[in-house]
Number of protein chains: 2
Amino acid sequence: MTQKQEQLSKNQQIVLSIIERAKGPLKAYSILYNVQKRGIKAPLQVYRALEKLIEAGKIHKIESKNAFIACKNSDCEISKTTAFSICNNCEHVKEIKNSKLSKYLSNFADNSGMKYKKYNLEFFGLCKNCKLKQ
Amino acid sequence: MTQKQEQLSKNQQIVLSIIERAKGPLKAYSILYNVQKRGIKAPLQVYRALEKLIEAGKIHKIESKNAFIACKNSDCEISKTTAFSICNNCEHVKEIKNSKLSKYLSNFADNSGMKYKKYNLEFFGLCKNCKLKQ
DNA sequence: TAACAAACGTTATATTATAACAAATTAAGG
DNA sequence: CCTTAATTTGTTATAATATAACGTTTGTTA
């Protein structure tokens, strides 16, 4: 019987460590550049690791930026509900962890008869710093 | 004095009409293929039109699909707050217009000190049809 | 009608992502 | 331990998505 993978493979660990140490979201080819000294040579190796890391809930994809960020919420085991704040000026991205918000969205139902088990929300605005400088 | 554009240009009209007649979101190169008979030959012409149409609130980009869909909400003049439901099985996409939801999200504030003026929300699940067939 | 902004056309190229195939590694059951 | 199946890896090639740079044309307005 095949079980859900527990342990990360070598390439997955390498890619994850790069993303975790980054200050913000990283793009796939920027990750590639960063891991070439560690033996990962091809885009596909990076994309495959990214795919597994997303499935494992270790990272999230910021869709509007095609970039990847580490999940800092330990309870986000399988990341089906994600929310981010994105600064339009400095591009700073932060995952929003707000239980009211996630409850609200997890329970949201419109008249379509559709029950949503997964969502991704991206907020845009100016962060505190950038607001002051304006 | 420069004013905000009121009238759509020729290429913008062509691209918009294709998107409006489509049953679902269209990808840029699929749009390109569809408009080649009308004289638009290059990707850039499509992307430029798409950019303006988005600014004008006539269409939205479904970020998770890199695809474009017409805005059917006449009051969505400048589309800063968008929400969609996406079926994981048949890929059907529908814009969600729910005033409670939009009010909730427009007023949402976390402890980051950031005030959000724009958001994009994408819900995933199985639509009514696909749920029945499972 | 001069001046400026916006849109257009075109070529080239950058960026993001996947297909296909074979070899190596890992996990689990007998 | 050995076999089998699944997963991961390595590699080359290519598909799909998007923008840069340039010069021309069109439209608006003072």
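What's counted below: heavy atoms across the whole structure, side chains too, no hydrogens, waters or symmetry copies. We name chains A, B, ... by the order of the sequence lines, and we start the count at 1 in each one.
- In this pair, B:Tyr119 and A:Phe123 present their aromatic rings perpendicular. The plane angle is above 60°, beyond the 30 to 60° band.
- The side chain of A:Arg48 approaches C:dC21 more closely than any other nucleotide in the set C:dC21, D:dT17, C:dT10.
- Nucleic acid contact class of A:Lys65 (heavy atoms, under 4.0 Å, all strands): none.
- Residue B:Ser9 has no polar side-chain atom (N or O) positioned under 4.0 Å from OP1 or OP2 of D:dG27.
- When the nucleotides D:dA21, C:dT16, C:dC8 are ranked by their closest atom to the side chain of A:Tyr29, C:dT16 comes out on top.
- If you measure from atom CD of A:Gln13 to atom C1' of D:dT7, you get 15 Å, rounded to the nearest angstrom.
- Here the C1' atom of nucleotide D:dT17 and the CD atom of B:Glu63 are 12 Å apart, to the nearest Å.
- Residue A:Tyr33 contributes atom OH, which lies 14 Å from atom P of C:dT15 at whole-angstrom precision.
- Of the listed residues (A:Glu122, A:Lys94, A:His92), just one forms a side-chain contact (heavy atoms from CB on, under 4.5 Å) with A:Ser85, and that residue is A:Lys94.
- As judged by a 4.0 angstrom heavy-atom cut-off over every strand, A:Ile40 is placed among residues making no nucleic acid contact.
- Between B:Lys27 and D:dA16 there is no side-chain polar atom (N or O) within less than 4.0 angstrom of OP1 or OP2.
- With both pairing distances under 3.5 Å, D:dA30 is matched to C:dT1 as a Watson-Crick or G-U wobble pair.
- Between the OH atom of B:Tyr47 and the P atom of D:dA16 there is a distance of 12 Å, given to the nearest Å.
- Looking at which nucleotide of DNA chain C each of B:Gly39 and B:Pro43 is closest to, the 5′-most match is held by B:Gly39.
- Between B:Lys52 and C:dA7 there is a side-chain polar atom (N or O) within less than 4.0 angstrom of OP1 or OP2.
- Residue B:Lys61 places its side chain closer to D:dA18 than to any other of D:dA18, C:dA17, D:dT19.
- Formation of a donor-acceptor pair under 3.5 Å by the A:Lys58 side chain with backbone atoms of A:Gln12 is not found in this model.
- The CG atom of B:Asn11 sits 11 Å away from the P atom of C:dT10 (whole-angstrom rounding).
- Regarding contacts with the backbone of D:dT9, every side-chain N or O of A:Gln45 stays at 4.0 angstrom or more from both OP1 and OP2.
- At a threshold of 4.0 Å, the pair A:Lys65-A:Glu91 counts as salt-bridged, since one of the basic side-chain nitrogens sits closer than that to a carboxylate oxygen.
- Separation of atoms SG (A:Cys90) and CG (A:Asn129) is listed at 7.0 Å; rounding is to 0.5 Å.
- Side-chain atoms of A:Lys10 lie closest to D:dT9 of the nucleotides D:dT9, D:dT17, D:dT11.
- Dashed line: the shortest gap from a side-chain N or O of A:Asn66 to OP1 or OP2 of C:dA17 is under 4.0 Å.
- Remark: P of D:dA15 and CG of A:Leu44 are 15 Å apart, rounded to the nearest angstrom.
- A donor atom on one side chain and an acceptor atom on the other are not found under 3.5 Å apart for A:Ser9 and A:Asn11.
- One can place CD1 of B:Ile31 at 16 Å from P of D:dA16, the figure rounded to the nearest angstrom.
- Whole-Å rounding puts the A:Ile14 CD1 to D:dT8 C1' distance at 13 Å.
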